[in-house]
Amino acid sequence: MKRYDAINEISKYISDELVIANIGFPSRELYEIKDRNKNFYMLGSMGLASSIGLGLALSQDKKVIVLDGDGSILMNLGSLVTIANQQLKNFILIALDNGAYGSTGNQETYCKKTNLLEIAKSTGFKNVYNYNDIDFKTILSQNIEEPIFIHYKIKPGNADVGIIDLSPEEIKSRFMKSI
Ligand SMILES: Cc1ncc(C[n+]2csc(CCOP(=O)(O)OP(=O)(O)O)c2C)c(N)n1
């Protein structure tokens, strides 16, 4: 399964949640699959989708789902430590791990060897799952006391999707109005 199909699968269960999508193809693929005001397409800051999601989860009650990439998580591992140490009832980080910097041409990341799920566990996440072992709908509907980390192992490859024809200002303002 490639990223597009993984996002498509996840999207089936998304209703009122706020979604932060990682820079590049994850955002573009989500835009094509299920554009909505409650999606925030992160356009510039590789590594910061999880941090943006953390800030949102701390400042309001709606559930926040972050669709992140393995390369971006590796770039900002400290964010995992900060998130794991918060008592968040509304935060789900999904690591779409294709073992590659997919959006810039599929150069390999160190996730071929380094295991993000084990890293998440060791930073203190109590709710750590492999996507393929869970019923995401059930996980999403559960009342939780601590943040969730979901490892979604996928194959590299970008879908043939267009660009996001919204300005950064539009993305931000429609997202803010939707909260
Ligand atoms: C600080 C920084 N370095 C590099 C880039 C260029 N860049 C944009 S997306 C990307 C790859 C992201 O890979 P990953 O997070 O694994 O997600 P994928 O595209 O594979 O889903 C890179 C290197 C950037 N935007 N910011």
Side-chain angles (χ1 to χ4, degrees), residues 1-14 17-36 39-57 64-84 91-121 123 125 128-132 136 147-172 175:
M1 178 180 277
K2 294 185 186 168
R3 190 198 310 97
Y4 185 91
D5 297 320
I7 295 176
N8 198 27
E9 150 70 21
I10 293 163
S11 294
K12 286 185 212 153
Y13 307 108
I14 289 173
E17 296 81 9
L18 305 176
V19 179
I20 311 296
N22 189 28
I23 181 173
F25 274 92
S27 279
R28 289 167 59 178
E29 290 174 2
L30 176 65
Y31 182 67
E32 171 155 312
I33 292 166
K34 191 172 188 167
D35 181 41
R36 50 205 272 284
N39 292 349
F40 183 75
Y41 305 109
M42 203 266 292
L43 295 185
S45 320
M46 186 182 166
L48 291 179
S50 59
S51 307
I52 293 168
L54 170 62
L56 260 175
V64 176
I65 299 174
V66 178
L67 300 178
D68 216 344
D70 52 305
S72 298
I73 292 176
L74 289 176
M75 181 176 271
N76 186 16
L77 278 178
S79 180
L80 288 187
V81 179
T82 312
I83 294 163
F91 185 93
I92 301 174
L93 175 57
I94 303 181
L96 296 165
D97 181 357
N98 54 10
Y101 297 98
S103 297
T104 47
N106 289 315
Q107 303 86 357
E108 276 183 17
T109 68
Y110 287 136
C111 280
K112 279 218 153 167
K113 184 173 174 190
T114 299
N115 186 328
L116 285 182
L117 185 138
E118 295 300 328
I119 290 180
K121 272 189 202 162
T123 58
F125 275 89
V128 178
Y129 308 103
N130 268 311
Y131 191 93
N132 291 323
F136 182 58
I148 293 176
F149 181 93
I150 299 176
H151 194 210
Y152 205 157
K153 201 72 188 158
I154 52 174
K155 295 203 160 62
N158 304 317
D160 184 14
V161 291
I163 56 158
I164 297 173
D165 53 3
L166 298 169
S167 69
E169 290 80 8
E170 281 170 318
I171 293 171
K172 186 187 81 167
F175 183 76

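When a ligand or atom number is given, it counts from 1 through the structure's own listing order.
When the salt bridge (charged side-chain N to carboxylate O under 4.0 Å, His left out) test is applied to D97, the partners found at least two apart in sequence or on another chain are K153. Listed by chain and number, the residues in a salt bridge (charged side-chain N to carboxylate O under 4.0 Å, His left out) with K112 are E108 (sequence neighbours excluded).
Around ligand 1, the residues contributing at least one heavy atom under 4.0 Å from the ligand are R3, N22, I23, P26, G44, M46, G69, D70, G71, S72, M75, N98, A100, Y101, G102, S103, T104.
Between Y41 and I23, every side-chain heavy-atom pair lies at or beyond the 4.5 Å cut-off.
Because its NZ or CZ atom is both nearer than 6.0 Å to the ring centre of F25 and within 45° of the ring axis, R28 counts as a cation-pi partner of that residue.
A donor-acceptor pair shorter than 3.5 Å cannot be found between the side chains of D70 and Y101.
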Please tabulate, for side-chain N and O atoms in residues 44-57, each donor-acceptor pair with protein atoms closer than 3.5 Å (sequence neighbours left out).
from, atom 1, to, atom 2, distance (Å)
S50, OG, S79, OG, 2.9
S51, OG, N76, ND2, 3.1
S51, OG, S79, OG, 3.4

